[in-house]
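Only heavy atoms go into these numbers, but all of them, side chains included; no hydrogens, no water, no symmetry mates. Chain letters run A, B, ... following the sequence lines, proteins first and then strands; every chain starts at 1.
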Amino acid sequence: MNLQNPRGTYDALPEMSERLRFIENTAVEVFRRYGYGEIRTPVFEHMDVFARNVGDSTDIVSKEMYVFDDRGGDKMALRPEGTAGVVRAYYSNGLKQNLPLKLCYAGIPVFRYERPQKGRYRQHHQVGIECFGFNGPAADVETIAIGFALLKALGIDDGLYVTVNSLGSKEDRVKYREALVAYFEPHFEKLSADSKERLHKNPLRILDSKSENDRALLGDAPKLEDYLSEESKAHFADVKAGLDALGLPYKFDGTLVRGLDYYTHTVFEIHSDKLGAQSQVISGGRYDGLVEQMGKDSVAGVGFGSGTERLEAIMREMDMKRRPVSFIAMGEGTTVEALRLADKLRAVGLYADVSLDGGSFKSQMKRANKLNACYSVIIGEDEMKSGEYQLKDMDSGEQHSLRPDDLISYLTRAGK
RNA sequence: GCGGGUGUAGCUCAGUGGUAGAGCAUCAGAUUGUGGCUCUGAGGGUCGUGGGUUCAAUCCCCAUCAUUCGCCCCA
């Protein structure tokens, strides 16, 4: 039997899980403060929820999706991103009744068949938000603000940089795309191999090419901002003014183009300088176009997604471990007494540890130390007789006798 | 999908064509009811996997898998 975990997957051991859990809980709590309600959608959907038109130009959909036929012969796909499923659920559940609507998700698994790297897994997890029915720029501003709020709540708002751009309306983009293709076509031979391929498939992506030749050509290329309608320009100006008013730092980046093709108007990315090539921790934008792509009447949408593994990587050095009260039990009946008392501490929310297999006094003490216990409670035969247990402060080494009830109230107040 | 690096003890890594070592960690003892420090000792390895060259391969060659860095893409 092959005992290796599948390529691009990992097992989150307790230390990592603790941070992931913290990220998910914090995210939901932050989102709730902005009026978001949690939604849970299936891990798999009919394939066309994600691949809306044949020959989809985005790599995520055309090359990286896990697709399978179910036993009934239907084409299904594992979720490669969070937004499309939520939009589908919006229709399936008739949530039009509830507009405007704010939905969030936390810790949902997402699958992409990619070449694994640090911060890039074939199964990763996202937290994110989607809001529907807000046409104005304030929704774009608030969405970005929530991104900041999340990172701040996680204590990782250092070393970040934010870029924003506007892709304009669908019409703006069609015009710009034509201009871009017309500009690059005479220079076709000079383009990098990647960009040659991109020219007709997804020419906007040439904008963020890293090839030096491509970048040289880009100097004289038509600019997206010159192709925005007055309306689009006004929307984007309001977004930037809103970010300024909230004191949120950002950089305008005219070459920022998102990989998913449903974005319109505002797009943004938050990067961390603590990660390597996979530096994006949050990215999103407005996707008024998506809802129409699903063949329904159009509804405004804005949102973002964030990879929990990347957030976790930034939080690596943070120690999330709680400090227990460790019980040292020696002698007849003491372990059971320790279990009984430990449960009382747990009932008031403390973390209590009892060495279940006993062991020498010394080894139990060592165990308490290894767990980084804040206090240890010593229950030996003398203590059983007197009914007063020894409470030892593991930092100062101080120790005194307390009756069980006093011990509980003392520890409840101590709050180490 | 493309190009490079790396796979040796639980972890971080030395090392040699004659079947292996350190530090940390673990366990035990010094110290029969008091942890961290120190000292002593012990356990733990098909040297990623499969093939080839060789009297002999952990080392050289090929393949493969995994991982990592960059590209691509993206959270």
Considering only the [atom1] atoms, how many Å lie between [N] and [M], rounded to the nearest integer?
{"N": "B:rG45", "M": "B:rC11", "atom1": "P", "value": "13 Å"}
{"N": "B:rG44", "M": "B:rA22", "atom1": "C1'", "value": "15 Å"}
{"N": "B:rC65", "M": "B:rG10", "atom1": "P", "value": "25 Å"}
{"N": "B:rC27", "M": "B:rU16", "atom1": "C1'", "value": "31 Å"}
{"N": "B:rU49", "M": "B:rU54", "atom1": "P", "value": "23 Å"}

Which part of the nucleic acid, if any, lies within reach of [X] when heavy atoms closer than 4.0 Å are counted: base, sugar-phosphate only, or nothing?
{"X": "A:Gly331", "answer": "nothing"}
{"X": "A:Arg112", "answer": "base"}
{"X": "A:Gly359", "answer": "nothing"}
{"X": "A:Ile328", "answer": "nothing"}

Write down the distance between [atom1] ([X]) and [atom2] ([N]), rounded to a whole number of angstrom.
{"X": "A:Arg205", "N": "B:rC71", "atom1": "CZ", "atom2": "P", "result": "13 Å"}
{"X": "A:Ile314", "N": "B:rA75", "atom1": "CD1", "atom2": "P", "result": "15 Å"}
{"X": "A:Leu207", "N": "B:rC74", "atom1": "CG", "atom2": "C1'", "result": "17 Å"}
{"X": "A:Gln117", "N": "B:rG1", "atom1": "CD", "atom2": "C1'", "result": "13 Å"}
{"X": "A:Glu114", "N": "B:rC74", "atom1": "CD", "atom2": "P", "result": "9 Å"}
{"X": "A:Ile206", "N": "B:rC73", "atom1": "CD1", "atom2": "P", "result": "10 Å"}
{"X": "A:Leu256", "N": "B:rC74", "atom1": "CG", "atom2": "P", "result": "11 Å"}
{"X": "A:Glu15", "N": "B:rC11", "atom1": "CD", "atom2": "C1'", "result": "12 Å"}

Inset, instruction - Name the residue closer to the 5' end of RNA chain B, choosing between A:Asp208 and A:Gly8 according to the nucleotide with the nearest heavy atom. - result: A:Gly8
Legend entry - Residue closer to the 5' end of RNA chain B, A:Lys118 versus A:Arg122 (nearest nucleotide): A:Lys118
For [N], the Watson-Crick or wobble counterpart (both distances under 3.5 Å):
{"N": "B:rC24", "value": "B:rG10"}
{"N": "B:rC60", "value": "B:rG52"}
{"N": "B:rA30", "value": "B:rU38"}
{"N": "B:rC71", "value": "B:rG1"}
{"N": "B:rU46", "value": "none"}

Expected list for residues 142-150 of chain A: side-chain donor-acceptor pairs under 3.5 angstrom, two or more places apart:
unit_1	atom_1	unit_2	atom_2	d
A:Glu142	OE1	A:Lys102	NZ	3.0
A:Thr143	OG1	A:Ala139	O	2.8

Taking NZ, NE, NH1 and NH2 as the nitrogens, is one of them in [X] or [Y] under 4.0 Å from a carboxylate oxygen of the other?
{"X": "A:Glu178", "Y": "A:Lys175", "result": "no"}
{"X": "A:Arg40", "Y": "A:Glu38", "result": "yes"}
{"X": "A:Lys190", "Y": "A:Asp214", "result": "no"}

Inset, instruction - Tell whether A:Arg310 reaches the base of B:rC74 with its side chain through a donor-acceptor pair below 3.5 angstrom. - result: yes
Would you say a side-chain N or O of [X] is under 4.0 Å from OP1 or OP2 of [N]?
{"X": "A:Arg7", "N": "B:rU67", "answer": "yes"}
{"X": "A:Ser306", "N": "B:rA75", "answer": "no"}
{"X": "A:Arg115", "N": "B:rC73", "answer": "no"}

Inset, instruction - Applying side chain to side chain donor-acceptor pair (under 3.5 Å), name anything that partners A:His125, two or more places apart in sequence or on another chain. - result: A:Gln123, A:Glu309
Inset, instruction - Heavy atoms under 4.0 Å is the rule here; annotate nucleotides 23-37 of chain B 5' to 3' with B where the base is hit, S where only the sugar-phosphate is, and - elsewhere. - result: ---S----B-BBBB-
Inset, instruction - Determine whether the aromatic ring centres of A:Tyr113 and A:Tyr66 lie less than 6.0 Å apart. - result: yes
Legend entry - Test: A:Lys240 cationic atom under 6.0 Å from A:Phe252 six-membered ring centre, within 45° of axis: yes
Legend entry - Over-ring placement of A:Arg403 relative to A:Tyr389, 6.0 Å and 45° cut-offs: no
Inset, instruction - With the side chain counted from C-beta on, respond yes when A:Val87 and A:Tyr287 share a heavy-atom pair under 4.5 Å apart, and no when they do not. - result: yes
